[in-house]
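What follows is a short report on a single structure.
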Amino acid sequence: MLPHKQIELRLQQAARAVLPDADVTAVLVRPCPDPKFGDYQSAAIMALAKARKLNPRQLAADVVARLDVSPWCEPVEIAGAGFLNFRLRPGVLGETLHAALRGEHLFFATTTQPRTVVVDFSSPNVAKPMHVGHIRSTILGDSLARLFRLLGHRVVTDNHIGDWGTQFGMLLVGWKTMLDRAALDRDAIAELERIYRAINAQCDPAKPTYNLATHEAARAELVKLQQGDPENLALWREMIRLSQIQFDAIYGRLGVKFDHALGESFYNLRLPALVAELMAQGIARESDGAKCVFSDGALPPREDPFLIQRDGEWQANPQLIQKRDGGYNYATTDLATIAHRLETWQPQAIVYVTDGRQQLHFQQLFATFRRWHPELTGPVKLAHVWFGSILGDDGKPLKTRSGENVKLADLLDEAEARAFTVVSEKNAALPEAERRAIARVIGLGAVKYADLLPNRQSDYVFNWDKILALNGNTAPYLQYAYARIQSIFRKGEIPKSALGQPSGEIRLATPEEIALARHLLNFGLVLDAAAEEYRPNYICTYLFELASHFSRFFENCPVLKAEPAERASRLALCDLTARVLAHGLDVLGIETVPNM
RNA sequence: GCGCCUGUAGCUCAGUUGGAUAGAGCAUCUGCCUUCUAAGCAGAGGGUCGUGGGUUCGAUUCCCGCCAGGCGCACCA
């Protein structure tokens, strides 16, 4: 067990000994913000004292009196208003690194309570190009899935593709009246997008291009499709097939894999019974011809997602599950989707990665489902992991259905092209094929990292230079640190087999070595925090700091020219840093290269 | 109108149970490649954490008011 976990465990035991009824799960040990205070600290005693109106320093003294962490730490210091400062004994750091080198851990522990987690992300629409609006869900969702897997959970990824709905009425009209076959053969998605836009413009009563006849035709084609008309079904399947080719290409480039891709249409057959059940149970009722879920009054109005305040009064804010015309909408499909996932995979959590504008929808969705199936949802955590809007340089949101969006494929092309320019400048001697291969990893890494680095709830300002930057706090900086380590191993002709079998103890002498080693130990803390809050940006920050520590070490501590014992220790530090960098980047879906 | 979110350095943003001197990247300026990859390192300047109160030993963090901006509020998803 890692030193900070040992300390935390002992501290919790000591706190419980002093305050038997205290909830000690919040008694945590953190790395010190400043090394001068020590290696780890806890501010938890002050919080406990606060809650009980005790003197924090006295409580700290009482806890410390019951605390024995002598195998790992120097005597514990009580500082300030009641901080506990822990300083690792000489040798503990080196011993911990040694254990990692032997393969006992990589500074993190897999969970003792594995859970099944369904991760729902990406969810592109059929017949539309994937664009920047899909990047966050795809990259964030993939990263979370990788993170849960690394920590030992069973993960089921499911791509809830938009393959059903009113847009197909318009697409069918477009296909039948204005399809350009040659254009379809050249670029199917572009042609589908063209006909969709053209027809859509005629179906929006707010637009001057509105055409009542086209609008009615679209409605009629949709009804035919929903009723199983063979021709429309065949065309619909063809559109899905053409779209899937595009999805596969993008996901292939991004290295994103799904265990399942059960689109909206997969749930069609369940919907009538679902609505009937909700009606029969009194959860839903008819309103203005539509069927809706209303508040059951179980929650206070402020917390009730089915109520809204208008003009000082609480009014109904229902969730629609069947339209007046008999059609279903995404609330209905999403309810069926939860039911299917619970039946099929028995997960302990379902995580939805979508933008923040859907918060109300998910609040209603989860609330409705819990009313529908209270027996199923007790142990299941339904989580909406939302992220901010994508903004243009003008600060306004990029609209999905108007104006030109940056296509994801073009973005990835541009990223690789820019990276190729830089790789060629830095390393002109390499054969072009190798430079291309490196540029692919660097370019895609830069895009993913730029997307994962900000707090997900911040709005995302789309800016080519920022997303494709290769300097500063970017993936290339981390990949560069990794490549420099591999370069040391190459220059020193250190075989891989020699790295895993350390001889002698690990000695840490210089400030740069110690800082690097200390930081390595925090990997698991960061992984746990990122998983707990669904925030891979914690991992980005950690890895950037790790690479920074390594860069300082690299500048100040020669490895290959060091004396034998020192050289062995430094090689070990290099090896462990490389392993943590590679693992951390892999969680972010970012590859490494041995040379760049 | 109601709800959610945002406001931190010139710009873009971090900031882990409230905690110790508020951080990073970019940009600007100054140094460092005959030594393991300079996509780097060292250093400098740059802040009323939107604003006014409150709680606290202690508030960027929690609570309330206000200002500014974004998003959402039943037959799109």
Side-chain angles (χ1 to χ4, degrees), chain A residues 25-28 30-34 36-37 41 43-44 46-47 50 56 79-83 123 125 162 165-167 264 287-290 292 302 305 308-312 314-320 322-325 327 329-331 333-334 354-361 363 386 388-389 391 395-397 400-401 422-423 425-427 442 453-455 457-459 461 463 465-466 469-474 476-477 479-481 483-492 525-526 529-530 532-533 535 537-538 540-541 544-545 548 551-552 554-556 558-561 574 595-596:
Chain A
T25 56
V27 174
L28 301 175
R30 297 278 176 214
C32 275
D34 188 328
K36 80 182 179 194
F37 298 122
Q41 67 160 234
M46 292 186 285
K50 176 108 176 175
F83 289 98
S123 309
N125 290 317
T166 44
Q167 75 268 26
E264 294 170 353
S287 168
D288 282 344
C292 313
R302 283 181 62 89
I308 191 170
Q309 206 172 65
R310 279 207 184 92
D311 304 324
W314 290 104
Q315 299 191 2
N317 185 38
Q319 184 182 36
L320 219 75
Q322 187 169 21
K323 297 190 282 184
R324 194 182 323 183
D325 67 6
N329 51 19
Y330 78 145
T333 310
D334 281 358
T354 85
D355 75 80
R357 288 175 297 195
Q358 299 187 44
Q359 284 177 89
L360 179 61
H361 165 68
Q363 284 172 13
W386 60 269
S389 304
L391 307 177
K396 291 182 178 172
T400 311
R401 284 171 187 167
V422 175
V423 172
E425 279 169 17
K426 304 282 181 186
N427 230 331
I442 303 297
L453 180 62
N455 180 325
Q457 288 173 332
S458 304
D459 284 343
V461 177
N463 175 286
D465 289 331
K466 187 181 155 191
L470 305 176
N471 295 323
N473 187 355
T474 63
Y477 177 77
Q479 291 164 323
Y480 182 59
R484 285 166 124 185
I485 296 171
Q486 301 310 313
S487 180
I488 292 174
F489 296 156
R490 276 197 303 275
K491 281 267 164 55
L525 278 170
V526 171
E532 179 68 28
E533 297 183 42
R535 292 186 193 278
N537 64 308
Y538 293 168
C540 295
T541 299
F544 175 69
E545 288 165 354
S548 300
S551 293
R552 281 176 222 129
F554 185 87
E555 295 284 331
N556 293 289
V559 176
L560 297 175
K561 291 181 178 171
C574 287
N595 183 26
M596 63 185 269

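Computed from heavy atoms alone, side chains included, the values below leave out hydrogens, waters and symmetry copies. Quick note on labels: first sequence line is chain A, next is B, and so on, each numbered from 1. The model shown is predicted, which means the values in this text are computed figures rather than measured ones.
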Q. Taking the C1' atom of each, how far is A24(B) from C67(B), in whole Å?
A. 29 Å
**Q.** Interatomic distance at C1', A22(B) relative to U8(B), whole Å
**A.** 8 Å
Q | Proximal nucleotide (of C75(B), U16(B), A74(B)) relative to the Lys323(A) side chain | A | C75(B)
Q | Side-chain donor/acceptor of Lys50(A) to base of G58(B), under 3.5 Å | A | yes
Q: Answer with base, sugar-phosphate or nothing: what part of the nucleic acid does Thr474(A) contact at a heavy-atom distance below 4.0 Å?
A: nothing
(Q) For the OH atom of Tyr480(A) and the CD1 atom of Ile442(A), what is their distance to the nearest 0.5 Å? (A) 11.5 Å
(Q) Heavy atoms only, 4.0 Å cut-off, all strands: where does Trp314(A) land among base, sugar-phosphate and nothing? (A) nothing
Q: Would you classify Val423(A) as touching base, sugar-phosphate or nothing, given that sugar-phosphate means primed atoms plus P, OP1 and OP2, and contacts are heavy atoms under 4.0 Å?
A: base
Q: Return the value, rounded to whole Å, for the distance between atom CE of Met46(A) and atom P of C57(B).
A: 13 Å
Q) If you measure only the distance, is there a donor-acceptor pair under 3.5 Å linking the side chains of Ser551(A) and Tyr477(A)? A) yes
**Q.** Shortest non-hydrogen contact between Pro476(A) and Leu470(A), atoms and distance
**A.** CG-CD2, 3.6 Å
Q.
Suppose you measure atom P in G10(B) against the same atom in G53(B); what distance do you get, rounded to whole Å?
A. 24 Å
Q | Gap between atoms CD and C1', on Gln359(A) and A77(B) respectively (whole Å) | A | 16 Å
Are there any protein N/O atoms within less than 3.5 Å of an N/O atom in nucleotides 6-10 of chain B, and if so, which ones and at what distance?
none

Q) Looking at A74(B), A39(B), U12(B), which one has an atom nearest to any side-chain atom of Cys292(A)? A) A74(B)
Q) Does any nucleotide pair with C26(B) by Watson-Crick or G-U wobble geometry, both distances under 3.5 Å, and what is it? A) G10(B)
Q. Quick one: which of A14(B), G72(B), A77(B) gets closest to the side chain of Thr541(A)?
A. A14(B)
Q) Watson-Crick or G-U wobble partner for C66(B), using a 3.5 Å limit on both distances? A) G50(B)
Q: Sort out the partner of G40(B) for me: Watson-Crick or G-U wobble, both distances under 3.5 Å, none otherwise.
A: C32(B)
Q: Provide, to the nearest angstrom, the distance between the CG atom belonging to Asp325(A) and the C1' atom belonging to C75(B).
A: 7 Å
Q. Checking all strands, does Glu545(A) fall into the base, sugar-phosphate, or nothing category for heavy-atom contacts under 4.0 angstrom?
A. nothing
Q) Please give, in whole Å, the distance from U17(B) C1' to Glu533(A) CD? A) 10 Å
(Q) Measure CG/Leu360(A) against P/C2(B) and give the value in whole Å, please. (A) 17 Å
Q) Given C75(B), G72(B), A14(B), which nucleotide is nearest the side-chain atoms of Pro454(A)? A) A14(B)
Q.
Would you say the base of A20(B) stacks on Phe37(A) (centre-to-centre below 5.5 Å, plane angle below 30°)?
A. yes
Q. What is the per-nucleotide protein-contact pattern of nucleotides 29-38 of chain B, from the 5' end, where B denotes a base atom under 4.0 Å from a protein heavy atom, S denotes such proximity for sugar-phosphate atoms only, and - denotes neither?
A. ------SBBS
(Q) Would you say that Met596(A) contacts Asn427(A) through its side chain, given a criterion of any heavy-atom pair below 4.5 Å between the two side chains? (A) no
Q. What does G72(B) pair with, Watson-Crick or G-U, if both distances are under 3.5 Å?
A. C2(B)
(Q) Nearest whole Å is fine: how far is A77(B) P from Asp334(A) CG? (A) 10 Å
Q | A42(B) phosphate, OP1 or OP2, under 4.0 Å from Arg552(A) side-chain N/O | A | yes
Q.
Need the pair for G19(B). Rule: Watson-Crick or G-U wobble, both distances under 3.5 Å, any strand; none if unpaired.
A. C57(B)
Q.
Please compare Val422(A) and Ala331(A) by the position of their nearest nucleotide in RNA chain B and report the one closer to 5'.
A. Val422(A)
Q: Record whether the side chain of Ser287(A) comes under 3.5 Å of the base of A74(B) through a donor-acceptor pair of N or O atoms.
A: yes
Q | Separation between the P atoms of C41(B) and G25(B), rounded to whole Å | A | 8 Å
Q: Could you tell me the separation between the CG atom of Asp34(A) and the P atom of G23(B), rounded to a whole number of Å?
A: 10 Å
Q: Provide the closest heavy-atom pair for Cys574(A) versus Val559(A) in the form atom of the first, atom of the second, distance.
A: SG-CG2, 4.0 Å
Q: Nearest-nucleotide wise, let me know which of Arg535(A) and Asp288(A) is further upstream toward the 5' end of RNA chain B.
A: Arg535(A)
Q) Any side-chain N or O of Asn455(A) under 4.0 Å from OP1/OP2 of G15(B)? A) yes
(Q) Centroid distance below 5.5 Å plus an interplanar angle below 30 degrees: do Tyr477(A) and A39(B) meet both conditions? (A) no
Q. Can you tell me how far C1' in U61(B) sits from the matching atom in A20(B), rounded to whole Å?
A. 15 Å
Q.
What contact category does Ala81(A) fall into here, base, sugar-phosphate, or nothing, at under 4.0 angstrom with non-hydrogen atoms?
A. base
Q: Go through A39(B), C73(B), G25(B) for me and flag the one nearest to the Asn317(A) side chain.
A: C73(B)
Q. Base, sugar-phosphate, or nothing: which does Ala44(A) touch, judged by heavy atoms less than 4.0 Å apart?
A. base
Q) Any side-chain N or O of Asn537(A) less than 4.0 Å from the OP1 or OP2 oxygen of G15(B)? A) yes
(Q) Measure CD/Gln322(A) against C1'/A77(B) and give the value in whole Å, please. (A) 18 Å
Q. Taking the same atom, P, in G15(B) and in G23(B), what whole-Å distance lies between them?
A. 15 Å
